[in-house]
Amino acid sequence: MSSSAPYYLKGSPLAVRFNSVIGWLARHGVSLAGTAEMSVRGRKSGRMQRIPVNPHTHDGERYLVSARGHSQWVRNMRAAGGGELRVGRKVRAFTAVELPDEEKLPILRGYLEKWGWEVNQYFQGVTARSSDEEIAAAAQDHPVFRITVRS
């Protein structure tokens, strides 16, 4: 086990601005290629924190992948165990379970196939065309949560 800090790539000012636009669009009912705005309770503040996400479906299950690594929303999700996804007026509460690294390979490959155009830069050279071994090696840097939408 490494003694270094977990992988996290902070967004550039342009990326932060882009994310705020994507979040605003989702909040107002416009989903680009399936994007949504996620709200998760802050582990320190207790306030709902919002961030645009790319929900991913694999074998009928829904997942959230943190392309940037062990971000604040990941830490909040670990503490909260769920949150809400919003597109316009449609708000869906969900619970979340983090996957162990050995279960992530097919989800990460599918995620990179769909969202690689947007997220490849955060995967340090790993793409949907990378070998199983390369994707598996990157798994520890990219938390994945299986989400279950409450009815």
Problem set entry | Candidate pair Thr35 and Val53, rule side-chain contact (heavy atoms from CB on, under 4.5 Å), full reasoning | CA-CA 6 Å; Thr35 59; Val53 292; over 6 Å; no
Problem set entry | side-chain contact (heavy atoms from CB on, under 4.5 Å) between His142 and Tyr7, worked out | CA-CA 8 Å; His142 301 282; Tyr7 173 77; 3.7 Å; yes
For this session: Start with the C-alpha distance between Asp141 and Gln124, add both sets of side-chain angles, then the distance that settles side-chain contact (heavy atoms from CB on, under 4.5 Å), and finish with yes or no.
Result: CA-CA 10 Å; Asp141 292 335; Gln124 300 177 307; 3.8 Å; yes
Problem set entry | Full working for side-chain contact (heavy atoms from CB on, under 4.5 Å) between Arg86 and Arg27 | CA-CA 6 Å; Arg86 171 187 298 271; Arg27 220 172 17 262; 3.7 Å; yes
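Side chain of Trp117 to backbone of Lys114: a donor-acceptor contact under 3.5 angstrom is found. A donor-acceptor distance shorter than 3.5 angstrom exists from the side chain of Glu134 to the backbone of Ser131, with no hydrogens or angles considered. At distances below 3.5 Å, not a single donor-acceptor pair connects side-chain atoms of Ser71 with backbone N or O atoms of Arg68. Checked by atom type and distance alone, the side chain of Arg62 never pairs as donor or acceptor with a backbone atom of Thr57 at under 3.5 Å.
The hydrophobic cluster containing Trp115 does not contain Leu32, counting ILVMFWY residues as joined when their side-chain heavy atoms lie under 4.5 angstrom apart, directly or transitively. No single ILVMFWY cluster, assembled from side-chain heavy atoms under 4.5 Å apart, contains both Tyr111 and Ile51. Val65 and Val74 end up in different hydrophobic clusters when Ile, Leu, Val, Met, Phe, Trp and Tyr side chains are linked at under 4.5 Å. Note: the hydrophobic cluster containing Val97 does not contain Phe145 (ILVMFWY, side chain heavy atoms under 4.5 Å, direct or indirect links). Both Val119 and Val144 belong to a single network of hydrophobic side chains, linked directly or stepwise wherever heavy atoms of I, L, V, M, F, W or Y lie under 4.5 Å apart.
Ala67 and Tyr122 make their closest contact through O-CB, 3.2 Å (heavy atoms, listed as atom of the first residue, atom of the second, distance). The minimum heavy-atom distance linking Leu64 with Met77 is given by the pair CD1-CE, 4.4 Å. Across every non-hydrogen atom of Leu108 and Ala139, the tightest pair is CD1-CA, 3.8 Å. For the residue pair Ala138 and Val126, the shortest heavy atom distance occurs at CB-CG2, 4.0 Å. In terms of heavy-atom proximity, Leu85 sits nearest to Pro55 at CD1-CG, 4.2 Å. What you find for Ala80 and Arg41 is that their closest heavy atoms are CB-O, 4.2 Å.
To the nearest 0.5 Å, the span separating CZ on Arg75 from CD on Gln49 amounts to 13.5 Å. Rounded to the nearest 0.5 Å, atoms CD1 (Ile107) and CG (Leu112) are 12.0 Å apart. Atom CZ of Arg109 and atom CZ of Arg129 lie 11.0 Å apart (nearest 0.5 Å). Taken to the nearest 0.5 Å, the OG atom of Ser66 stands 10.0 Å off from the CG atom of Leu9. Atom CG of Asn76 is separated from atom OG of Ser39 by 11.5 Å, given to the nearest 0.5 angstrom. Note: Glu61 CD to Leu99 CG = 9.5 Å, rounded to the nearest 0.5 Å.
Annotation: side chain of Glu118 is in contact with side chain of Asn54 (closest heavy-atom distance under 4.5 Å). Proximity of Thr95 to Arg150: side-chain heavy atoms (C-beta onward) are separated by under 4.5 Å at one or more points. With a 4.5 Å cut-off on side-chain heavy atoms, Pro143 and Arg78 count as touching. The closest side-chain heavy-atom distance from Trp73 to Met38 is below 4.5 Å.
A donor-acceptor contact closer than 3.5 angstrom is absent between the side chains of Arg89 and His28.
More than 12 heavy atoms of other shown residues, nucleotides or ligands fall within 6.0 angstrom of atom CZ in Arg43.
Ring pair His56/His58 is parallel by interplanar angle, where below 30° counts as parallel and above 60° as perpendicular.
With respect to the salt-bridge test (charged N to carboxylate O, under 4.0 angstrom), the residues Arg146 and Glu98 do not qualify.
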